Amino acid sequence: MARIVMKFGGTSMAGTERIRRVANIVRKQQARGHEVAVVVSAMAGETDRLVNFCREANALYDPAEYDVVVASGEQVTSGLLALTLQSLGCKARSWLGWQLPIHTIEAHAKARIESIDAAALVASMESGEIAVIPGFQGVADTGRITTLGRGGSDTSAVAVAAAINADRCDIYTDVDGVYTTDPRIVAKAKKQKAVTYEEMLELASVGAKVLQTRSVGLAMKEGVRVQVLSSFVGDDAIPADDLPGTMIVSEDEMNQLVENGEMERQHVTGIAHDKNEAKVILTRVPDKPGAVAHIFDPLAKAAINVDMIIQNVGRDKGETDVTFTVPQADLARAQALLEDKRDEIGFNRIISDSKIAKISVVGVGMKSHAGVASTMFQALADRGINIQAITTSEIKVSVLIDEDETELAVRVLHTAYGLDAADEAA
Ligand code: ADP
Ligand code: ASP
Ligand code: MG
């Protein structure tokens, strides 16, 4: 017998018919003799709809009230799943964030889980009940409801798994695992048997939305075994216990899989894209100590995440251009803050561009293998795709390109690194 957390995303919960299928998957898992807790998302599109209501009600909405509104999507699906499980003859009970409770910090709309009181949950599971928990929500010390940021149900699931010492956290979604790139963009993308925590963390942070970045960091820290798999399966599907999806594993486990011949050693594990950033160029900034600090200090204070930064070589009169990226959602705020500091920074113009995309290649194999970056630059050059900025880490290379070229770039790179599924068959 194992203790398993099963998380179902928005597409899996979209409507009563889909919820019935989810209930069947859960029922079968419990029937195998396991203790089961389920974490659910709101129905697909529901959170977007609720966010829009908040914007319409008040463009400068109070995040505490936003949380009251957006957390409701998961309240609906957790109740509906408990009802559906009961209709199948299972004992089931929902546990809202404030009922367990799931304690978070007070940062509304982007709260972080601090701890979960798991006693009631464990007692419920031990009595043969299926515990259904709405993802995405918690409660602050103030007693007010909080939410964890978009995609946060993945993090709820991993946090619950850690709190109840689960043997596994299965993340059910609309694809059957983690692929070499988004399978909706590249039909030849390959499903991976396993991906390391480190790689998944990097892939998630550069746009592979299959897992929320924070959920991967938490799983890594707490040693939670995570599997990504599909809820869109027939009755004859391989049981989740046989690990049909993608396992997120430690580097040691990965080395073991490679030694056993179950995985190939790859230099590049995945390619991700992100269209949610915007580029900002400040022209004719003084080329002297302290200039860059003046630019980024107000942005940091406003909690605006700056990603890629390029300072061009100085030109005449000791001036230079500074280019960087910020999330599109923060662009207007960033521009206003910089305008405010125009005299202090001493720039000439702000130029911004939201029609950009960041393409990243990720793989732990890069640590020991040179040439990954140059393959990327050459492949993009061969297709006439211009690179506007570059950043690297030990296991990642990212470039900024024109948004219109996103799909082409991802496809070209997928082929250039020999990741296309057909290559394997050849
Ligand atoms: P859920 O609603 O279940 O949380 P998400 O939409 O958040 O699902 O994440 C699943 C989606 O992630 C897939 O439909 C797929 O388009 C996208 N995705 C992006 N990169 C990858 C990847 N490397 N492997 C698998 N899916 C990916
Ligand atoms: N419903 C929330 C969202 O759409 C949380 C989640 O599904 O993970 O962001
Ligand atoms: Mg998701």
Side-chain angles (χ1 to χ4, degrees), residues 6-14 18 22 39-52 54 66-67 69-78 97 109-111 113 133-138 146-160 169-195 199-216 226-232 245-246 248 268-276 359-363 406-407 410 413-414 419 421:
M6 309 171 74
K7 180 258 170 177
F8 292 89
T11 344
S12 309
M13 298 300 291
R18 288 248 41 106
V22 165
V39 174
V40 296
S41 285
M43 294 190 196
E46 179 64 6
T47 310
D48 286 342
R49 197 175 73 97
L50 296 169
V51 170
N52 274 332
C54 293
Y66 161 97
D67 278 351
V69 177
V70 299
S72 66
E74 272 76 7
Q75 171 158 344
V76 170
T77 48
S78 54
K110 47 173 187 253
I113 296 176
I133 303 150
F136 189 48
Q137 60 172 256
T146 53
T147 64
L148 308 178
R150 298 306 304 270
S153 296
D154 296 330
T155 303
S156 307
V158 171
V160 167
C169 180
D170 285 342
I171 307 276
Y172 287 83
T173 181
D174 53 6
V175 286
D176 57 359
V178 178
Y179 280 69
T180 43
T181 192
D182 190 337
R184 294 185 200 285
I185 292 197
V186 179
K188 288 181 182 169
K190 274 187 298 195
K191 195 179 106 187
Q192 313 269 42
K193 186 180 174 61
V195 176
E199 287 166 323
M200 194 63 238
L201 193 60
E202 198 86 66
L203 276 170
S205 73
V206 292
K209 76 178 209 212
V210 61
L211 287 176
Q212 197 201 33
T213 310
R214 205 181 259 169
S215 72
V216 187
V226 175
Q227 173 177 211
V228 176
L229 71 173
S230 176
S231 72
F232 290 69
T246 299
I248 315 298
V268 169
T269 305
I271 301 170
H273 68 279
D274 183 355
K275 293 182 177 176
N276 294 318
I359 313 292
S360 307
V361 300
V362 172
T406 309
E407 279 76 13
V410 172
L413 293 173
H414 201 263
L419 297 175

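Whatever order the structure lists them in is the order used to number ligands and atoms, beginning at 1. Residues take their numbers from the sequence shown, with the count starting at 1. These numbers come from the heavy atoms of this one structure, side chains and all, not from hydrogens, waters or symmetry mates. Computed from a prediction, not measured in an experiment: that's the story for all the values here.
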Under a 4.0 angstrom heavy-atom cut-off, which atoms of ligand 1 come close to [X]?
X    : value
A208 : 20 (N)
G177 : 24 (N), 25 (C)
V178 : 24 (N)
T173 : 1 (P), 3 (O), 8 (O), 10 (C)

State if P183 counts as touching ligand 1 under the rule of any non-hydrogen atom under 4.0 Å.
yes
Just to check, does K7 reach to within less than 4.0 Å of ligand 1 when the distance is taken from its heavy atoms?
yes
Would you say [X] and ligand 1 have an N/O pair spaced under 3.5 Å apart?
X    : result
S41  : no
D174 : yes
R184 : yes

Minimum side-chain heavy-atom gap [X]-[Y] below 4.5 Å:
X    : Y    : value
I248 : L211 : yes
R18  : S231 : yes
Q227 : C169 : no
L413 : I359 : yes
Y179 : V210 : no
S72  : L50  : yes
V51  : R150 : yes
Y172 : V22  : no

Please report which non-hydrogen protein atom sits nearest to [atom], along with the residue it belongs to and the distance in Å to one decimal place.
atom                    : answer
atom 6 (C) of ligand 2  : S153 OG, 3.3 Å
atom 21 (C) of ligand 1 : D182 CA, 3.7 Å
atom 24 (N) of ligand 1 : Y179 N, 2.9 Å
atom 2 (O) of ligand 1  : G10 N, 3.1 Å

Please list, in number order, the atoms of ligand 2 under 4.0 Å from a heavy atom of [X].
X    : value
R150 : 3 (C), 4 (O), 9 (O)
T47  : 1 (N), 2 (C), 3 (C), 4 (O)
S41  : 6 (C), 7 (O), 8 (O)

Among V178, D176, T180, V228, find the residue that satisfies the side chain to side chain contact (heavy atoms under 4.5 Å, CB included) test when tested with K191.
D176
Under-4.0 Å heavy-atom contact with ligand 1, by part of [X] that carries it:
X    : result
K209 : both
I171 : neither
S12  : neither
V210 : both

[atom1]/[X] to [atom2]/[Y] distance, rounded to the nearest 0.5 angstrom?
X    : Y    : atom1 : atom2 : answer
D170 : L229 : CG    : CG    : 5.0 Å
T269 : E199 : OG1   : CD    : 3.0 Å
Q192 : M200 : CD    : CE    : 10.0 Å

Using a strict threshold of under 4.0 Å (side-chain N to carboxylate O), is an ion pair present between R184 and D174?
yes
So, does [X] sit close enough to ligand 2 that a heavy atom of it is under 4.0 Å from the ligand?
X   : answer
G73 : no
G10 : no
E74 : yes

Less than 3.5 Å apart, any donor N or O on the side chain of T147 or D67 sitting next to an acceptor on the other?
yes
Could you say whether the N/O atoms of K7 and ligand 2 ever approach to under 3.5 Å?
no
Can an N or O of G149 be found at a distance shorter than 3.5 Å from an N or O of ligand 2?
no
Applying the side chain to side chain donor-acceptor pair (under 3.5 Å) criterion to T155, which one of K7, R214, Q212 satisfies it?
Q212
